[in-house]
Amino acid sequence: MSLSELQVLLVEDHGFQRRLGLRLLADLGLTRLLEAADGFQGLELLRSLPQPPDVVLVDLDMPGMDGVEFIGHVAQEHLARSIAVVSAMDPALLHTVQVMAKASGLRVLGAVEKPLSPGKLTHILSLYESSPVVVGNDDAVAVDFEQLRAAMANNEIFPHFQPQAEFANGKIVGVEALARWRLADGRMVPPSVFIPMVESGGMIEALTNHMLIESCRWSRKWREAGLEQLRISVNVSAHNLSGPEVADRYEAILREHGLAPEFVILEITESSVMSDTARGLGLLARLRLKGFGLSVDDFGTGYSSLTQLSQIPFTELKIDQGFVGGAPDQPRKRAVIETSLDLARKLDLSVVAEGVETMEEWQLLAQLGCDYAQGYLISQPVPGEMLPDAILRWRNTRH
Ligand code: C2E
Ligand code: MG
Ligand code: MG
């Protein structure tokens, strides 16, 4: 799709600014333009469209309903394929918007500062084509609970594994298991779409058990293929932290499949731990006593205090990829990374940086004293049978 074919909605309260924006977009050859004078009008318009527009350009600073609230609704109701924010404000706001939108699978192209110009608009709109399309926001691949239940029953949801390298020497020491769902026609449904469905459909315990069993199975196969024992990280949802008996169940699964808990790290997102500290605490302590590692996932996107973090027996902290991507040229991100590393040192936690994509990011994190890297620079998540090759490829590209 060329730039001129994009359908764009501009939400801007200031009449003159709106006219100016639409004029600039039209000058770039765009003809499928929509406009709204505030968030309420924008939502009404979006809800009435047969298809979500490609890009919603939204002013953050609007009276009544501000841009952040507006984007929250758009993300929740899947009303757009992507959004870009127009703002002359604090760059930290963009991060908030990104985190909020990511949770619902909405793509955020970035921010454009006022005054708008043809160059700035071309740049932001061209990102629509270059960033990967998230399948699942599209009506054509909408999935329902029936499909999900069938996929779970037929083992059509399976793990991919993404390697983690030690900064000190580049050695692969662990992998993260990430759930994948491939439809019969080959298209993938992203976890951001199906994990919330699994949770609300009461199937999360079955999924976590399945991921644990598959991780044990692959761990044995890799050893048989001559790899050293790797640690495996498995994501656990807040819904899994239901009662203390969960710890016995996970331990039993591992024992049955011949893997020691010392090789398994359970990842819990920062926001889900903090949502129910008291109840989850006992379970987490029991898991730790049994030898499981415990990791705070997406660190920096929740609101945990030092006190809360120090009360939970975590062993690892994963810095969210939102802070890693672009950190070499963004002092604010670098500051968050430095503070996280400092905190981890004081609490004696090891630190994994998520989403390491470039050599510059690797160098910065290594220099700041981070322990492990995970990201596309090393490898994409791959099926179990391809892991030995992915490790070999990484080893061979390092020199
Ligand atoms: P997460 O646990 O934070 O996983 C990291 C996500 O970052 C993965 O997305 C991974 O593919 C992606 N990623 C890794 N390296 C890079 C990189 O260099 N650049 C970029 N842009 N992205 C990178 P994925 O697989 O789409 O998973 C999304 C989230 O879904 C996971 O975030 C996790 O919270 C959840 N999830 C995945 N599998 C499971 C599961 O089995 N159980 C539960 N409860 N949640 C899961
Ligand atoms: Mg994770
Ligand atoms: Mg994460």
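In listed order, ligands and their atoms are each counted from 1. Predicted model only: the values in this text are computed from it and were never measured.
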Review point. For Glu176, is the nearest heavy atom under 4.0 Å from an atom of ligand 1?
Key: yes
**Study point:** Pro381 to ligand 1, any heavy atom closer than 4.0 Å
**Key:** yes
**Study point:** Hydrophobic cluster identity match, Tyr376 and Leu127, side-chain contacts under 4.5 Å
**Key:** no
Check your understanding: Phe167 and Leu377: same hydrophobic cluster, using ILVMFWY side-chain contacts below 4.5 Å?
Key -> yes
Check your understanding: Applying a 4.0 Å heavy-atom criterion (strictly less than), which segment of Asp320 is in contact with ligand 1: side chain, backbone, both, or neither?
Key -> neither
Review point. Do Phe161 and Trp222 have ring centroids that are under 6.0 Å from one another?
Key: yes
Point to revise | ring-ring contact (aromatic ring centres under 6.0 Å, His included) contacts in which one or both residues fall within residues 172-216, not counting sequence neighbours | key: Trp181-Phe194
Check your understanding: For ligand 1, does Gln162 get within less than 4.0 Å through its side chain, its backbone, both, or neither, judged by non-hydrogen atoms?
Key -> side chain
Check your understanding: Looking only at heavy atoms of Lys318, does any of them come nearer than 4.0 Å to an atom of ligand 1?
Key -> no
Exercise for review: Just let me know how Asp298 lines up against ligand 1, side chain, backbone, both or neither, with a heavy-atom cut-off below 4.0 Å.
Suggested key: side chain
Check your understanding: Is it the side chain, the backbone, both or neither of Glu354 that has a heavy atom closer than 4.0 Å to ligand 1?
Key -> side chain
Check your understanding: For the Mg ion (ligand 2), what is the closest N, O or S atom on Asp297?
Key -> OD2
Check your understanding: Does a side-chain N-to-carboxylate-O contact under 4.0 Å join Glu77 and Arg47?
Key -> yes
Exercise for review: Angle at the Mg ion (ligand 2): provide the value between OE1 of Glu267 and OE2 of Glu176, rounding to 10 degrees.
Suggested key: 90°
**Study point:** contact_flag Gln374 ligand 1 heavy-atom lt 4.0 Å
**Key:** no
